[in-house]
Every structure is written in C-alpha cells, then in structure tokens.
Amino acid sequence: MFLKVQMPWNVIIPADSLDAKGLMLKKAIVIRLMDEFACKKATKDLGYFMAVTSLESIGEGRVRQNSGDVLFPVVFSGITFKMYRGEILQGVVHKILKHGVFLRCGPVQNIYLSHIKMPDYHYVPGENGIFMNDKHSKIDKDVIVRFIVIGTKWMEAEREFQALVSLEGDYLGPVS
C-alpha cells in the first residue's frame with residue numbers, strides 16, 4: 001500500500017556549500033534531502049521511501065561546533081510503500097524453485113509463495129520448471145501473479161522487507 005507521510009529530518013549543509021547571499025540555500029537543502037532520502041531506503045514503521053512530494057518547512061539552521069557545517073531541521077511530505085497482512089497485490093515471478101516461487105512487487109524483492117499455499121498447482125520439472133494446475137493455468141518466470149499477503153518481516157541489516165504470500169482465495173493466481 002502506498003502511504004502519504006509527513007516526516008521530520010535533519011539536513012546538514014557543508015560550510016563550503018553556503019552562499020553569501022543565501023539564494024541557493026533552499027536548493028542546497030532540497031538536493032541534500034533527496035540524496036539522504038534515497039540512501040535511507042526503508043524503515044520498519046514506514047516501509048520503502050518512494051518519493052519526496054513537498055518540503056513543508058525549513059527550521060532555523062544551527063552551526064555545528066567542530067566542522068562549521070549547518071544543521072537545518074526540515075519537515076517534508078513523501079510517499080512510502082509498505083505491505084500489510086491481508087492486502088491483495090500483484091507481483092512478477094523472478095525465480096522458480098521446486099518448493100515455491102519468488103516474486104517482486106514494487107520495491108520489495110523477496111516475496112515467497114510456497115507450493116503449499118498454491119492450491120491445485122503442482123511443480124512440473126524441466127529445464128525451466130513451472131507450476132501448473134489442471135486448467136492449464138501456469139506460473140512461469142516473468143508471469144504476473146495476484147496474491148494475498150500472509151505476513152511480512154523486517155530485515156534490519158539489509159534495510160528491507162521479506163513477505164510470505166498465498167494464492168488461497170478468490171480471483172488469486174496468474175493474471176492474463
């Protein structure tokens with residue numbers, strides 16, 4: 001689900017980037033904010049950072065004692081993406097194993113769909129194995145699959161989420 005969030009942030013502007021007239025200050029703050037925002041990637045509470053939509057306010061800058069850099073507290077609005085239990089989404093199959101498939105959905109790269117959670121589908125071995133049901137519907141690499149989220153897990157070291165999903169429900173499975 002995409003969320004609109006308002007977040008406080010501290011932006012540090014190096015002393016050599018400051019303009020004597022202050023004309024380029026807002027631009028420098030926005031550029032630095034965008035760089036830091038892109039590097040952060042995701043948080044457990046908000047999900048993946050997708051975009052900064054607007055800069056709401058810039059607080060008064062405080063000069064840092066040791067470096068002479070200036071720290072500006074800012075508040076901005078942005079878009080994030082986070083999966084929730086029970087949510088129905090679509091993803092693209094990127095890896096097929098005997099016991100299930102891995103999908104991608106937006107910024108989430110590790111979504112696992114176990115063969116146990118694919119009712120009526122069975123693994124068909126071969127050079128490029130696939131899952132197929134009796135109605136000849138197949139789950140192959142690069143196929144779009146509609147699924148329901150069973151659970152998510154935050155991986156702090158990688159700063160990303162993993163998800164476990166299922167096809168148990170109406171209108172779930174490969175999208176034609």
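- Residue His115 holds its NE2 atom at 12.0 Å from OH of Tyr123, rounded to the nearest 0.5 Å.
- Annotation: side chain of Ile150 is not in contact with side chain of Val165 (no heavy-atom distance under 4.5 Å).
- The closest donor-acceptor contact from the side chain of His122 to the backbone of Met132 lies under 3.5 Å.
- Remark: Arg85 engages no residue in a side chain to side chain contact (heavy atoms under 4.5 Å, CB included) (not counting sequence neighbours).
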Chi angles and distances behind the side-chain contact (heavy atoms from CB on, under 4.5 Å) call for Gln90, Leu103:
CA-CA 9 Å; Gln90 291 183 1; Leu103 303 118; over 6 Å; no
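- Ring geometry for Phe37 against Phe76 counts as perpendicular: the plane angle is over 60°, on a 0 to 90° scale with 30° as the lower cut.
- Here Glu36 pairs with Trp9 under the side-chain hydrogen bond (donor to acceptor under 3.5 Å, both in side chains) rule; sequence neighbours left out.
- Applying the side-chain hydrogen bond (donor to acceptor under 3.5 Å, both in side chains) definition to pairs two or more places apart or across chains, those involving residues 135-144 are Tyr121-Ser137.
- Put simply, the side chain of Arg64 never gets that close to the backbone of Leu71: no donor and acceptor are under 3.5 Å apart.
- Applying the side chain to side chain contact (heavy atoms under 4.5 Å, CB included) test to Tyr84 and every residue at least two apart in sequence or in another chain returns Met1, Leu3, Lys82, Glu87.
- Residues satisfying the side chain to side chain contact (heavy atoms under 4.5 Å, CB included) criterion with Glu160, sequence neighbours excluded, are Lys41, Tyr48, Asn110, Glu158.
- With sequence neighbours excluded, the residues forming a side chain to side chain contact (heavy atoms under 4.5 Å, CB included) with Ile148 are Ile88, Ser166, Leu172, listed by chain and number.
- The CG atom of Leu113 sits 10.5 Å away from the CZ atom of Phe102 when rounded to the nearest 0.5 Å.
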